[in-house]
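Keep in mind that the numbers below use all heavy atoms, side chains included, and drop hydrogens, waters and symmetry copies. Index from 1, following the sequence. When a ligand or atom number is given, it counts from 1 through the structure's own listing order.
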Amino acid sequence: MLYESTRGACKSVTVAEAIKLGIAPDGGLFVPEAGANIPIKRIEQMADLNYVSRTVNVLKPYLAGYSEQELYDCASAAYNRQKFDNPAVAPLHMLEPNLHVLELWHGPTCAFKDMALQIMPHLLTRALTKTGENSEIVILVATSGDTGKAALEGFKDVAGTRIIVFYPEKGISEMQRLQMATQEGGNVDVVAVKGNFDDAQNGVKKMFTDRRLGDKLHSLGYKFSSANSINWGRLAPQIVYYFSSYAELIKRERITTGEKINFVVPTGNFGDILAGYYASKMGLPVRKLICASNANNVLTDFIHTGIYDRRRDFKKTISPSMDILISSNLERLLYEITDHDSGRVKGWMEGLVENGFYEVDDNTKKAIQEIFWPAYASDDETLQTIAETYRTYSYTIDTHTAVGVNAYGKYKNITGDNTPTVIISTASPFKFNTSVAKALLGDRIISRRNEFELLEMLQNKSNLPIPKGLRDLDKKTILHTKVTTKDAMRDTVLEILK
Ligand SMILES: *Cc1c(COP(=O)(O)O)cnc(C)c1O
């Protein structure tokens, strides 16, 4: 199966090429030329498989350039007990018989980004071999907090690769900052950007399409690639857990084979929920994908009105990994929904850059509303939801997951829909300890406690163990202190590589 660009101005490439390039040369995103299907019978059979084998089954159709054995090797290297602290890899926690939480944070960095970034470096190194690549690959990452650390962990000391991560200087949690500033590995660099996530992401995107920079790099023996969710190699592994959770519900006899279910997805860059959309396109019985946003509710407005308008203030919230005004992966959805109309998609995307907004036609809007249902939660609602979830279910959730739980509450109230539902839990509550402790213990009790005292307090309250990756962060050496501006990111990269 070949991959084509959403902007329609470059030739189609193999999946290995698409994963190696990350972003298409014309500035678009790579998408599969044709659909793929997994028959319901096969989904049912996945109930008896472990996560590694489920991964092979789900990846096979879209990663046709990889043999089954290669996929198995990649998946085994990623989803094992050394990397994940739960044997199920992505366990389902039942809140009510028809309401489950899919915990995607049992990997090394305690957020769902590990689900893709543990396997992606293995897919990429094989892609380099498949395409006969001689240059060293430089992974450029813009992160709102979680991707950076997950990419660093995934790529550290992977032969033939370097990785440079940019994060917004004041836009991430203290735990996230410590995780990255202490990153070990001979091929890693971490740089703070004076600005917000969109500044960092735009800076990275610009470098990818900067011809002169590309030539310069080439002469130094390097080539850029991306580990952001604009890379298909990031997106594809995220499709797996939608199928996996469905198969698990069959196994537990919570649903019958073929029954439709809802997914609630805390959303930022639209990568996670887009994977859910691809899952449904592949035949997974999905009724609604509930798109949960925080106060940066561009997507909520877009799905309601068909107008994507980024001309608003960027808000710093307690769910920082979702503090995004430009959701890159929406471009892929628009391309799919319009039946691969690259002309229209290109027009909208250019409108966004030039005018700060675009409006889709009525048919496109209606097609999106068929499957997506949007809602958002304020910070106050998020804190209340953490407390309520704890009171009702004795279950501790992080701020991003709480945005999802809150959105689901709104969905149920408004629609009365009782369809079995899976809420995607994107981070460990320990990763956002300050806000979670505030919700569960109150401002007064947590004031003047440091991050690590808060971990202890949260452990006692939640009855959950502190994850290994966070427990000893205060004893690690700070290795990265570089700071740059959004206009100097290019120079910073050249300095690092020269
Ligand atoms: C990245 C992230 C999200 C948002 O996922 P997208 O794929 O960007 O929509 C939500 N929650 C957490 C904890 C994240 O790290």
Side-chain angles (χ1 to χ4, degrees), residues 29 101-117 120 141-153 165 167-168 171-173 175-176 179-180 197-198 200-201 226-232 234-239 241-242 263-279 289-294 296-300 302-303 317-333 372 374 376-377 382 386 397-407 423-433 435-436 467 470:
L29 306 184
V101 176
L102 179 63
E103 296 178 351
L104 298 181
W105 40 261
H106 288 277
T109 74
C110 313
F112 96 96
K113 304 294 194 292
D114 288 326
M115 298 306 297
L117 281 163
M120 188 201 156
V141 180
T143 182
S144 56
D146 292 329
T147 295
K149 178 63 181 178
L152 289 162
E153 275 300 313
V165 171
Y167 71 87
I172 64 177
S173 81
M175 275 300 173
Q176 290 175 318
Q179 278 187 311
M180 289 195 278
F197 171 70
D198 288 322
Q201 173 157 270
S226 159
N228 278 91
S229 56
I230 52 178
N231 191 318
W232 184 259
R234 252 296 287 284
L235 205 78
Q238 296 181 173
I239 301 173
Y241 48 75
Y242 287 91
F263 288 95
V264 182
V265 191
T267 295
N269 220 4
F270 210 75
D272 194 357
I273 198 165
L274 183 73
Y277 173 75
Y278 275 106
L289 295 169
I290 295 153
C291 178
S293 302
N294 64 25
N296 293 294
N297 55 359
V298 189
L299 286 166
T300 316
F302 172 67
I303 296 168
T317 73
I318 57 172
S319 44
S321 305
M322 295 156 61
D323 287 348
I324 292 175
L325 291 180
I326 305 170
S327 300
S328 302
N329 267 302
L330 194 61
E331 179 167 349
R332 282 192 168 109
L333 176 73
F372 293 91
Y376 74 96
T382 304
I386 293 171
I397 54 175
D398 93 293
T399 47
H400 305 77
T401 307
V403 168
V405 172
N406 185 276
I423 297 173
I424 293 202
S425 176
T426 50
S428 155
F430 290 100
K431 195 157 189 181
F432 298 92
N433 52 1
S435 300
V436 178
L470 300 178

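Among protein residues, Phe112, Lys113, Asp146, Pro266, Thr267, Gly268, Asn269, Phe270, Gly271, Asp272, Ser321, Met322, His400, Thr426, Ala427 come within 4.0 Å of ligand 1, judged on heavy atoms.
For Phe112, there are no ring-ring contact (aromatic ring centres under 6.0 Å, His included) partners at least two apart in sequence or on another chain.
Checked against the 6.0 Å centroid criterion, the rings of Phe372 and Phe270 qualify as a close aromatic pair. Annotation: Tyr278 is in aromatic contact with Trp232 [ring centroid separation under 6.0 Å].
Inter-residue side-chain proximity for Pro374 and Phe302 is flagged as unmet; no heavy-atom pair is nearer than 4.5 Å.
A donor-acceptor contact closer than 3.5 angstrom is absent between the side chains of Asn231 and Ser226. Side-chain contact of Asn329 with Asn269: a donor-acceptor pair under 3.5 Å is absent, judged by distance alone.
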